[in-house]
Engineer: 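Quick one: the structure is below, and I'll ask about it shortly.
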Amino acid sequence: MERIYNFSAGPSMLPLPVLKKAQAELVNYRNSGMSVMELSHRSWLFTDIIAEAERLLRELLAIPETYKVLFIQGGASQQFAMVPMNLLSKSGKADYVNTGSWSKKAIKEAKKFGTVRVIASSEEDNFTYIPKVDSTMIDPKADYVHITTNNTIEGTAYSVIPDTGDVPLVADMSSNILSEEIDVSKFGLIYAGAQKNIGPAGLTVVIIREDLIGKAQESCPTMLDYKTHSASGSLYNTPPTYGVYMAKLVFEWLTDLGGLKEMGRINREKAQMLYRTLEESNMFESPVKENSRSMMNVPFVSDSAELDAAFVKEAQAQGLETLKGHRSVGGMRASIYNAMPVEGVQQLIEFMKSFEKSHRPKEEIK
Ligand SMILES: *Cc1c(COP(=O)(O)O)cnc(C)c1O
């Protein structure tokens with residue numbers, strides 16, 4: 001069986017060289033006679049893996065020394081609660097920007113722990129754009145401002161990271177972390193579930209400025225306190241060891257590729273190819289406003305649910321999988337994360353063009 005091109009929003013494709021390396025090392029990791037899954041998380045073989053994963057991630061994102069990197073569990077969804085539990089420490093107030101389904105979930109969870117104000121939203125326009133956020137909109141007393149940098153379901157992304165002044169900026173970067181260079185120092189805290197651009201599900205990465213650690217209330221469960229994971233080097237309890245190992249292989253792959261500068265160039269190229277095709281198409285279009293378009297998740301629609309269904313089905317028969325759009329947007333969605341090769345996007349484009357030719361409404365063929 002050949003590998004297919006998987007356009008899933010997550011879990012998504014992993015780079016083939018990473019899977020091959022994992023396969024080669026699966027049964028006997030570095031002459032230990034064990035797989036990584038069987039290693040003690042306290043053994044030097046594993047602590048080497050986690051230290052190297054952190055070192056590579058710090059290098060890739062140029063993470064300043066004043067930030068801690070945590071490898072934990074619970075997914076991005078657990079961060080929706082951990083962020084307010086740990087950061088609502090002074091005024092108990094936080095400002096959130098509502099840009100889609102994941103933002104809404106983060107807002108709903110934060111309301112359990114403090115006073116949440118939604119300072120900007122694109123909900124009335126079906127989340128088809130990123131609303132303007134500037135420093136005058138932010139409560140200077142807020143403990144933090146929360147944004148979702150890339151909206152996986154709606155296919156939108158911030159083209160500029162808002163300036164929040166002295167109020168720490170917290171970002172859910174689950175679906176665009178490591179997709180291009182960013183300035184980590186603009187953020188107080190960044191979190192991401194691994195299963196889109198980092199590795200297998202089960203691992204969550206948190207990058208947090210040191211001064212934001214240690215402020216949780218006494219009642220905060222030990223496992224939900226950033227201090228627990230920071231003080232123990234993410235080894236308070238058993239971390240998701242295999243997920244950390246896979247993430248390390250992905251970080252090596254990114255480093256060998258030329259780092260985030262080169263990854264960003266490739267991602268821009270892939271996205272531009274696809275958006276250009278949508279612009280030129282008489283059948284498909286992007287529902288997203290031009291200045292808010294995501295490089296990672298590209299929704300597109302035709303004017304007919306039957307055509308959409310036929311597209312998804314015929315694409316699958318060609319090895320182009322998981323192109324069905326999210327139920328809240330409809331149509332199709334191509335998720336083209338880091339591991340999606342340029343050739344995968346090229347094949348999708350060729351298929352879109354041939355589908356359009358063969359399914360063009362009859363009255364249009366003169
Ligand atoms: C996938 C996703 C989540 C949820 O991640 P889990 O790890 O499944 O909890 C949250 N936010 C964004 C932006 C996502 O893409």
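Every number for a ligand or one of its atoms is a count from 1 in the order of the listing.
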Engineer: To which protein heavy atom is atom 9 (O) of ligand 1 closest, and what is the distance rounded to 0.1 Å?
Structural biologist: Ser77 OG, 2.6 Å
Engineer: Is Asn150 in contact with ligand 1, taking contact as a heavy-atom separation below 4.0 Å?
Structural biologist: yes
Engineer: Closer than 4.0 angstrom, basic N to acidic O: yes or no for Glu123 and Lys104?
Structural biologist: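 Counted as a salt bridge, because a side-chain N and a carboxylate O are separated by less than 4.0 Å.
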Engineer: Under 4.0 Å from a heavy atom of Thr152: which atoms of ligand 1 are those, numbered in the order shown and with their elements?
Structural biologist: 12 (C), 13 (C), 14 (C), 15 (O)
Engineer: Hey, which atoms in ligand 1 end up nearer than 4.0 Å to a heavy atom of Thr148?
Structural biologist: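 Answer for ligand 1: 13 (C).
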Engineer: Mind telling me whether Phe80 and Tyr191 have parallel, tilted or perpendicular rings, with 30° and 60° as the class edges?
Structural biologist: perpendicular
Engineer: What part of Lys196, side chain from CB on, backbone N/CA/C/O, both or neither, has a heavy atom under 4.0 Å from ligand 1?
Structural biologist: side chain
Engineer: Do Phe187 and Tyr144 have ring centres separated by under 6.0 Å?
Structural biologist: no
Engineer: Between ligand 1 and Gln195, can you find any atom pair, the residue atom being a heavy atom, that is separated by under 4.0 Å?
Structural biologist: yes
Engineer: Would you call the rings of Phe355 and His359 parallel, tilted or perpendicular, taking 30° and 60° as the class edges?
Structural biologist: parallel
Engineer: Please report the shortest heavy-atom distance between Asn86 and Leu224, naming the atom on each side.
Structural biologist: ND2-O, 2.8 Å
Engineer: Which protein heavy atom lies closest to atom 11 (N) of ligand 1, and at what distance to 0.1 Å?
Structural biologist: Asp172 OD2, 2.6 Å
Engineer: Atoms of ligand 1 less than 4.0 Å from Gly75 heavy atoms?
Structural biologist: 7 (O), 9 (O)
Engineer: Salt-bridge test for Asp139 and Arg117: reply yes if a basic N is under 4.0 Å from a carboxylate O, no otherwise.
Structural biologist: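 No salt bridge links Asp139 with Arg117.
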Engineer: Considering all heavy atoms of both residues, which atom of Glu356 and which atom of Ser281 are nearest to each other, and what is their separation?
Structural biologist: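 Shortest heavy-atom separation between Glu356 and Ser281 comes out as OE1-OG, 2.8 Å.
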Engineer: Nearest non-hydrogen contact with atom 7 (O) of ligand 1 belongs to which option: Ala76, Gly74, Ala9?
Structural biologist: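 Looking at heavy atoms only, Ala76 sits closest to atom 7 (O) of ligand 1.
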